[in-house]
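The structure appears right after this line, and notes come after that.
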Number of protein chains: 2
Amino acid sequence: MGDGVRIQAIERAIMIMNCFTDEEPELRLQEICDRLDLNKSTAHGILNTLKHHGLMEQDPETQKYRLGLNLLVLGGKVLNRLDIRTVASPIIKDVCGKTDETVHLGILDGTEVVYIDKQESSQSMRLFTAIGTRYPAYCTGIGKAILAFLPIEDQAKRIPDQLNRFTANTLKDKREVMEHLKLVKQTGYAIDDEENMEGLRCVGAPIFNHTGKVVAAVSVAGPSIRMTKERLPMIADLLCESAEEISRRLGYKK
Amino acid sequence: MGDGVRIQAIERAIMIMNCFTDEEPELRLQEICDRLDLNKSTAHGILNTLKHHGLMEQDPETQKYRLGLNLLVLGGKVLNRLDIRTVASPIIKDVCGKTDETVHLGILDGTEVVYIDKQESSQSMRLFTAIGTRYPAYCTGIGKAILAFLPIEDQAKRIPDQLNRFTANTLKDKREVMEHLKLVKQTGYAIDDEENMEGLRCVGAPIFNHTGKVVAAVSVAGPSIRMTKERLPMIADLLCESAEEISRRLGYKK
DNA sequence: AACAGGGTTCTATAATATAGAACCATTTTA
DNA sequence: TAAAATGGTTCTATATTATAGAACCCTGTT
């Protein structure tokens with residue numbers, strides 16, 4: 001299996017675009033032909049094609065060519081695919097559609113998790129949150145999913161020494177949390193079993209970037225009467241697949 | 001004279017790249033073929049070519065395609081060509097080489113002009129400035145070159161009601177300055193005839209952006225003994241040409 | 001006026017992009 | 001489990017088109 005077929009005309013277009021630099025943002029047809037040893041007529045056709053699609057511009061006065069603004073548009077799309085929110089948004093919608101529960105995307109800020117995106121359940125009884133809403137990381141599924149995959153030194157810093165007990169289920173102290181996070185790391189996802197709020201259950205799964213670091217998590221949250229112990233595994237599976245897909249798109253490689 | 005020749009293969013490559021959006025940053029070969037009504041084999045060759053040059057990436061696990069990082073590089077080149085400092089830098093060097101006087105690039109900030117780039121004369125007696133140096137706009141060639149091309153309402157705001165007299169040549173009051181700016185606008189460049197500093201003369205010429213607004217100016221400054229009345233016209237001509245070239249590269253159209 | 005430089009248009013054909021088919025791998029379906 | 005479907009990759013003959021050479025047009029210089 002060699003390098004595969006390459007279309008000469010397209011390669012030539014790319015090589016022409018690569019002739020332009022910060023030092024030489026504008027070039028003449030003849031200059032391009034000299035550099036690439038291209039026939040003038042051939043190069044002209046290529047430049048005209050690029051020009052037609054906004055990937056090249058030609059100054060009407062000087063007739064010099066320069067790279068076109070549509071390259072900014074294409075470059076911006078590359079940038080946006082690297083932005084986690086953009087990457088996760090369609091996936092969050094998909095998970096919400098399949099579970100009909102509220103799906104969040106969250107990141108860690110200090111000892112708290114912050115929701116940076118969400119897709120809400122269509123059911124009347126559901127968790128009310130706003131983007132920007134914060135909760136302590138240690139008692140939420142989404143927060144724990146991030147904490148579990150942090151380096152140990154970082155973990156300790158992100159869990160307060162004194163925990164607030166929000167419910168009877170809230171984990172008791174820092175030591176218990178850190179033991180629990182070991183389990184989460186093994187399972188690959190975290191469950192908030194009414195630890196943050198009575199009557200609410202949540203599953204959270206971690207998202208990794210291209211360097212292998214955990215950078216966010218995605219979660220499904222809903223009333224305990226709907227988020228039953230029987231239903232949780234299915235949701236957890238779906239969520240893990242979805243988190244993996246987001247991670248993959250961020251350049252994560254196992 | 002129609003639209004000129006367009007190379008089909010290259011058009012197809014561009015159309016493939018344009019299939020990718022923020023909502024759908026990744027696509028399958030089959031999806032691309034369906035959208036563009038392309039033969040699978042043809043599209044494969046095109047994608048492989050783009051891939052080889054970094055304009056496309058393919059995820060080894062899922063085999064989905066996505067836009068490649070080299071589009072960021074090309075987009076960055078477009079951005080940089082729109083950045084005034086980058087654009088002006090080689091031209092400033094060129095002017096300095098031809099005049100062997102200190103050349104500045106300056107922008108307006110409030111009522112002051114700020115130097116944002118420079119190229120210094122090689123002669124031992126020369127104007128000492130640093131990037132970031134500020135002077136009142138109304139008594140410098142570079143400042144006046146900008147003021148003169150501002151809308152009238154803006155002009156008034158950029159000239160203090162009370163002027164400092166730096167030298168015997170400093171213009172006397174706001175009214176005199178605004179009259180003088182009318183002349184500058186007609187001439188197309190401004191001269192500081194020892195108004196800011198005794199023994200120093202300076203010529204300034206305006207730079208316009210793609211919207212037609214004056215955004216900066218470029219200047220040649222030197223000791224009066226070298227910047228003689230006889231020499232000024234030559235310097236002014238060179239400077240105006242250079243300012244026009246910078247403007248043109250910023251997308252300015254007369 | 002002639003020439004040079006530089007972009008644009010035109011056209012015949014050499015070259016190659018293309019499409020169809022086969023192949024390979026993985027996933028889905030019965 | 002086997003067969004079918006899906007989806008990417010490779011191969012090849014040829015239809016199509018990208019290509020190169022030449023002519024044309026415009027501007028600037030000698």
Side-chain angles (χ1 to χ4, degrees), chain A residues 1-17 19-20 24 26-53 55-68 98 237-238 241-242 244-245 248 254, chain B residues 1-17 19-20 24-53 55-68 237 241 244-245 248 254:
Chain A
M1 212 293 284
D3 200 32
V5 74
R6 284 151 54 193
I7 314 294
Q8 182 179 235
I10 293 166
E11 297 214 283
R12 283 175 164 172
I14 293 166
M15 286 190 290
I16 287 178
M17 288 193 282
C19 283
F20 296 82
E24 286 187 293
E26 293 197 314
L27 293 167
R28 296 193 163 287
L29 173 65
Q30 192 60 60
E31 288 175 301
I32 292 165
C33 295
D34 291 342
R35 286 186 193 185
L36 299 179
D37 196 34
L38 274 186
N39 175 280
K40 209 167 51 163
S41 190
T42 299
H44 185 257
I46 295 172
L47 284 159
N48 197 61
T49 308
L50 293 173
K51 194 166 133 195
H52 180 82
H53 290 274
L55 270 57
M56 192 64 62
E57 289 171 14
Q58 185 179 25
D59 191 287
E61 286 183 24
T62 64
Q63 295 186 291
K64 286 188 181 181
Y65 291 92
R66 57 197 176 212
L67 297 176
K98 286 174 180 168
D237 281 348
L238 173 67
E241 283 168 9
S242 302
E244 278 180 13
E245 174 64 14
R248 199 185 47 74
K254 283 200 213 170
Chain B
M1 214 290 289
D3 200 32
V5 75
R6 284 150 55 190
I7 314 294
Q8 181 180 236
I10 293 167
E11 296 214 284
R12 283 176 161 169
I14 293 166
M15 287 190 289
I16 287 179
M17 288 194 282
C19 281
F20 295 83
E24 288 187 289
E26 292 199 315
L27 293 167
R28 295 192 165 288
L29 174 64
Q30 192 60 57
E31 288 175 302
I32 292 164
C33 296
D34 291 342
R35 288 196 190 172
L36 300 179
D37 197 30
L38 274 185
N39 175 280
K40 207 165 53 164
S41 191
T42 299
H44 186 257
I46 295 171
L47 285 159
N48 198 59
T49 308
L50 294 172
K51 194 167 133 194
H52 179 82
H53 291 274
L55 271 56
M56 191 65 63
E57 288 170 14
Q58 187 180 22
D59 190 287
E61 285 183 23
T62 64
Q63 294 184 292
K64 287 187 181 182
Y65 291 91
R66 56 192 176 220
L67 297 177
D237 281 348
E241 284 168 18
E244 279 179 27
E245 175 64 15
R248 197 189 49 72
K254 285 204 215 167

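Fair warning: this is a prediction, and the values are worked out from it, not measured in the lab.
- Across all strands, A/L29 comes closer than 4.0 Å to base atoms (heavy-atom distances).
- In this structure, the side chain of A/E31 engages the main chain of A/R28 through a donor-acceptor pair within 3.5 Å.
- Nucleotide D/dT19 holds its C1' atom 15 Å from the CG atom of A/L36, rounded to whole Å.
- In this structure, A/E31 atom CD and C/dG5 atom C1' are separated by 12 Å, rounded to whole Å.
- Along DNA chain C, the nucleotide nearest to A/T62 and the one nearest to A/R6 differ in position, and the one closer to the 5' end is contacted by A/T62.
- The distance between atom CD1 of A/I46 and atom P of C/dT8, rounded to the nearest whole Å, is 14 Å.
- Dashed line: the shortest gap from a side-chain N or O of A/S41 to OP1 or OP2 of D/dA20 is not under 4.0 Å.
- Rounded to a whole Å, the CD1 atom of B/I7 is 12 Å from the C1' atom of D/dA20.
- No donor-acceptor pair closer than 3.5 Å links the side chain of B/T42 to the backbone N or O of B/L38.
- Remark: B/Q58 is in phosphate contact with D/dT9, judged by side-chain N or O atoms under 4.0 Å from OP1 or OP2.
- One finds a side-chain N or O of B/R12 lying less than 4.0 angstrom from the OP1 or OP2 phosphate oxygen of C/dT18.
- Salt bridge annotation for A/E24-A/K64: absent, with no cationic side-chain nitrogen under 4.0 angstrom from a carboxylate oxygen.
- Across C/dG6, D/dG7, D/dT19, the shortest atom-to-atom separation from the side chain of B/K40 is found for D/dG7.
- Under 4.0 angstrom from either OP1 or OP2 of C/dT8 there lies at least one side-chain N or O belonging to A/H44.
- Taking atom OH on B/Y65 and atom P on D/dG7, their separation rounds to 13 Å, with Å as the unit.
- For D/dA15, neither phosphate oxygen OP1 nor OP2 lies less than 4.0 angstrom from any side-chain nitrogen or oxygen of B/Q8.
- Between A/N48 and the phosphate of C/dT8, there is no side-chain N or O to OP1/OP2 separation shorter than 4.0 Å.
- Taking the side chain as every heavy atom from C-beta outward, A/L50 and A/M17 approach each other to under 4.5 Å.
- Judged purely by distance below 3.5 Å, without hydrogens or angles, the side chains of A/Q63 and A/D59 never pair a donor atom with an acceptor atom.
- Distance CD (B/Q63) to P (C/dC24): 16 Å, rounded to an integer number of Å.
- Note: CZ (A/R28) to C1' (C/dG7) measures 9 Å, nearest angstrom.
- What separates CG of B/L47 from C1' of C/dT18 is a distance of 15 Å, to the nearest Å.
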